[in-house]
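Side chains included, hydrogens not; waters and symmetry mates left out as well; all remaining heavy atoms used. Ligands are counted one by one from 1 in listed order, and the atoms in each one are counted from 1 as well.
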Amino acid sequence: MDKNGIYEDDSLYIADTYARYRVAFKDGKGAKLYDFNGKEYIDCATGIGVNIFGVNDEEWKQAVKAQLDSVQHVCNLYYSLPQIELAKLLCQKTGASKVFFGNSGAEANECAIKAARKYGNTRYGNRNEIITLKNSFHGRTIATITATGQDGFHKYFEPFLDGFKYAEPTMDGIFSCYTDKTCAVMVEVIQGESGVNVLDFTFLKELEKFCKERDILLICDEVQCGNGRSGYLYAYEAAGISPDIVTTAKGLGGGLPIGACMFFGKCGGIFGRGDHGTTFGGNPVACAGAVSIVERLTPQLLLEVQGKGAYFKLNLEHIKNVTSVSGMGLMIGIGTTKPAREIAQECLEKGLVVLTAHDKVRLLPPLTITKEEINTSLKILNEVISQ
Ligand SMILES: *Cc1c(COP(=O)(O)O)cnc(C)c1O
């Protein structure tokens, strides 16, 4: 049903940048969503990995509401308790030394790019090239689409920034892009947008060594795979590497816009006064919500995420027409012989919300999804994919 002409109004008034599915969600609880007709869906998309503890999450709501009752915004000219609390929590949990808050994944990456350039330029003079990987995704601003190693995102928007090179995810690939001007290498430990591809951990270990030996900064973009999604607090932990800068967003805010750029060790002092800033960054309401998210990403919860992910994968592998299952924790890619968009559409009709990632189906359910909800999801996926 076209509730109150929503589809028509959307096409009249909203810039036509999204290929939307014809559904409008009214509300939900946990991993369940309801549309305006009252139809129930299981949510394996979480608004692209954002509603990490599900919809209408009590703890997050309480934290957000309490902050709304005090002050909704203070700009960054003044001290902000929720912002400090969140930064402290992130530093204590990861070993980072400083955090800069923005409002999105792209902004977190912009911050990392600026920091890497300042580090290289001030220490080595004119050292400002950044290597990113082919099939990476780092955002939609001009700098972050430049960083994104996929031609599809570059169409129409020339000229791009200088100083980016795209490597195959191998050491040969890195060496072929490396020059004496390389200041950083930026990677997604799990490439989300391009098909939920987990990078080879041996490659990541070698890359870490390569970077350390040359004082090149290793930046991990954990915008999508971070915050417990992979079954680790941050996915780089699974690879056993120590990045210099980690960016994150999506799940961090539990539903409100926030992005964080975390600086480790020698990177803590890169930025000085006036080097970077944003009006909304570290908004107290978003930060108060994020504190309630990060506090709950306990070792016990992460183990559960690993268990649920393994269960999902094991059962997906047996489905007819499934050609590959990739990912970690509750970040799963499914390769099939059927077009992914078609599968997503048919799943929606049967009451399951899934995403696509290039030619794959992508699942990003809430970390709190129940066994029963996983089984229902698997049943629907089986029906749709196997026929
Ligand atoms: C989504 C995403 C981004 C961009 O985040 P926005 O909040 O949409 O700006 C950057 N990097 C990765 C890995 C992402 O998945």
Is there a side-chain contact between N321 and K338 (heavy atoms, below 4.5 Å)?
-> no

Near ligand 1, which protein residues have a heavy atom under 4.0 Å away?
-> S104, G105, A106, N109, F137, H138, G139, E188, D221, V223, Q224, K250

Going by the angle between their ring planes, with limits at 30° and 60°, are F263 and F271 parallel, tilted or perpendicular?
-> perpendicular

For K61, what residues pass the salt bridge (charged side-chain N to carboxylate O under 4.0 Å, His left out) criterion, not counting sequence neighbours?
-> E58

Side chains of T141 and E110: is there a donor and an acceptor less than 3.5 Å apart?
-> yes

Nearest 0.5 Å, what's the CG-SG distance between N109 and C261?
-> 8.0 Å

Give a yes-or-no answer on whether the side chains of H358 and Q191 include a donor-acceptor pair shorter than 3.5 Å.
-> no

